[in-house]
Number of protein chains: 2
Amino acid sequence: MAHKPRSEMIAETRAKLVAAAREAFGTVGYADASMDDFTAEAGLTRGALYHHFGSKKGLLEAVITQIDAEMNERLRVVTESADNLWQGFVDENIAYIEMALEPEIQRIMLRDGPAVLGDPAQWDNACACVQSLTGSLARLKAKGVVADIDVEAAARMVSGASLYAAQWIANSSDPEATSKKAVKTFKTMLEGLRAR
Amino acid sequence: MAHKPRSEMIAETRAKLVAAAREAFGTVGYADASMDDFTAEAGLTRGALYHHFGSKKGLLEAVITQIDAEMNERLRVVTESADNLWQGFVDENIAYIEMALEPEIQRIMLRDGPAVLGDPAQWDNACACVQSLTGSLARLKAKGVVADIDVEAAARMVSGASLYAAQWIANSSDPEATSKKAVKTFKTMLEGLRAR
DNA sequence: AGGGATACATACGCAGCGTATGTGAAATGG
DNA sequence: CCATTTCACATACGCTGCGTATGTATCCCT
């Protein structure tokens, strides 16, 4: 096989590192993930990691950016395929909860990410999911569907509620039943945002 | 000064370790807190730490238990001094947000705690704050003030919303203004829980 | 073709953790 | 009141994992 152009090789290396780190961070967690181990897993060494990402923390940022983009895309699809704006907003939130049930997302986005990089609200990509929620709320507000509230504040609180609900569900002894209770309650709470 | 009984000395040692660790965890964070450093700060060594708490993680648990108890007590006072149940519930939540503005609580309870010990909902002391909220909601539900919802689910979501709101406020460029927006929105959301 | 530039590997030193072991003072029993 | 045991810590050691400094091979440019 002939040699690929250098830029392509680099992209491949970065992708391999991100993938290996994502796997490690998502399973054993950031703190217990040995850089020597998961770089070897990718057929590389820590040298490559430091060259491309500067530090373990830098690599975590890259992993988070990737996951965040995926989450955002999944949310976009859900929101756009709803019949009306309000239903789309509700669906989006439910989808958000469902994503937060995945162990990888819980571990990396909800626990290790905040611990290592600080408040998610301050991340560069700004956890695009919240931006997505904010956008949905802004449209709803413009149409008079929701009350006169600060949309960013509402988006953050709603996402906070979603994430806590998801963790509660995921770690409960009976996730099915817990999920039912949580979704019902969540919808009730969202009703509080509607214009009266 | 005469010698105190042994049990008293032990309690003192434990308290000194917890205090030193709390200071370190709350400022530099759990991961960057050197056991050698903060035990020395307490006039002790890691030997004492391992003897009493088994591990760094064990000490974190002790610190969290202490902070949790303090938070719970603060919430209790607020709730009990309100005119009526609903107002007490609202006040309790606002107080919850205000506590979550404190850097030490953000760092230890909201970021490092979950990263190291896992989902707060599964902690032994179960983050007594949520239990407190659950209790308040249960009383409100019994009196028909809030809608027919699962009180535990609601308590978790409300606390999630509070905590995210608090982090958002604390890290914003204009905490005063952000706080105003957040509290207003928060109250609106809580209204969604009231019986109609 | 040759001389940078760069993508990675290798090598080294150091900090921090966990354990195994030591020690001195307090409790206990006669 | 003395001997023994217990226990609350301190000390010592080895290991793992991180960050940096340095080496090397490959690609790009002229």
Side-chain angles (χ1 to χ4, degrees), chain A residues 1-63 107-108 112-113 115-117, chain B residues 1-63 107-108 112-113 115-117:
Chain A
M1 120 181 154
H3 287 227
K4 296 175 184 174
R6 170 170 268 209
S7 63
E8 205 168 313
M9 298 295 292
I10 295 173
E12 230 171 74
T13 297
R14 292 179 60 100
K16 276 194 285 189
L17 283 173
V18 169
R22 179 171 172 170
E23 162 71 18
F25 293 165
T27 50
V28 300
Y30 177 84
D32 288 341
S34 157
M35 296 165 79
D36 281 325
D37 286 356
F38 69 72
T39 51
E41 203 86 25
L44 296 159
T45 69
R46 272 182 318 148
L49 192 161
Y50 277 99
H51 184 73
H52 287 293
F53 300 97
S55 66
K56 194 180 184 183
K57 192 191 282 194
L59 182 51
L60 176 62
E61 284 178 27
V63 169
R107 181 87 234 194
I108 300 178
D112 288 343
V116 177
L117 304 177
Chain B
M1 129 183 144
H3 287 226
K4 297 174 182 175
R6 173 170 266 214
S7 62
E8 203 168 315
M9 297 296 290
I10 294 173
E12 228 171 77
T13 297
R14 292 180 61 101
K16 276 195 285 187
L17 284 173
V18 169
R22 179 171 172 170
E23 162 70 18
F25 294 165
T27 51
V28 300
Y30 178 84
D32 288 341
S34 157
M35 296 165 78
D36 282 325
D37 286 356
F38 69 72
T39 51
E41 205 85 24
L44 296 159
T45 68
R46 273 181 318 149
L49 193 163
Y50 277 97
H51 183 74
H52 287 293
F53 300 97
S55 66
K56 194 180 182 182
K57 193 192 281 196
L59 182 50
L60 176 62
E61 283 177 28
V63 169
R107 180 88 234 194
I108 300 179
D112 288 344
V116 177
L117 304 177

Grab the CG-P distance between L49(A) and dG17(D) for me, whole Å please.
15 Å
For K56(A) and dT20(D), give me the distance from atom NZ to atom P, rounded to whole Å.
15 Å
Rounded distance in Å - CD1 (I10(A)) to P (dT6(C))
10 Å
Taking OP1 and OP2 of dC8(C), is either one under 4.0 Å from a side-chain nitrogen or oxygen of T13(A)?
yes
Rounded to the nearest 0.5 Å, what's the gap from CG on L60(A) to CG on L117(A)? Could you check?
4.5 Å
Test item: R107(B) side-chain N/O and A115(A) main-chain N/O as donor-acceptor pair under 3.5 Å
yes
Which pairs pass side chain to side chain donor-acceptor pair (under 3.5 Å) with one or both residues in residues 19-33 of chain A, sequence neighbours excluded?
R22(A)-Q66(A), R22(A)-E70(A), R22(A)-E104(A)
Separation of dA25(D) P from M9(A) CE (nearest whole Å)
17 Å
Sequence-distant partners of F38(B), ring pair (Phe, Tyr, Trp, His ring centres under 6.0 Å), two or more places apart
F25(B)
Qualifying side chain to side chain donor-acceptor pair (under 3.5 Å) pairs with a residue from residues 34-46 of chain A, counting only residues at least two apart or across chains
D36(A)-R46(A)
Grab the CD-C1' distance between E8(B) and dA26(C) for me, whole Å please.
14 Å
Interatomic spacing from NE2 in H52(B) to CG in L44(B) - rounded to 0.5 Å
8.0 Å
Stems formed with participation of DNA chain D [Watson-Crick or G-U wobble, under 3.5 Å, three or more pairs]:
C:1-30 with D:1-30
Grab the two heavy atoms, one from V18(A) and one from A62(A), that are nearest each other, plus how far apart they are.
CG2-CB, 4.1 Å
On DNA chain C, check which nucleotide each of G54(B) and R14(A) is closest to and give me the residue with the more 5' one.
R14(A)
Quick one: CD on E8(B) to OG1 on T13(B), what's the gap to the nearest 0.5 Å?
11.0 Å
Any side-chain N or O of H51(A) under 4.0 Å from OP1/OP2 of dA7(C)?
yes
Establish, with yes or no, whether the OP1 or OP2 oxygen of dC9(D) is under 4.0 angstrom from a side-chain nitrogen or oxygen of H52(B).
yes
Rounded to the nearest 0.5 Å, what separates atom CG in L17(B) from atom NE2 in H51(B)?
11.0 Å
Is the shortest side-chain heavy-atom distance between K56(A) and V116(A) below 4.5 Å?
no
Kindly give the heavy-atom pair with the smallest separation between V63(A) and A21(A), and that separation in Å.
CG2-CB, 4.0 Å
Show each protein N/O and nucleotides 11-14 of chain D N/O combination with a separation under 3.5 Å, one pair to a line.
none

Can you check the E12(A) CD to dC8(C) C1' distance for me, whole Å?
15 Å
Base, sugar-phosphate, or nothing for S55(B), non-hydrogen atoms under 4.0 angstrom?
nothing
Within residues 24-44 of chain B: residues closer than 4.0 Å to DNA chain D (heavy atoms):
G43(B), L44(B)
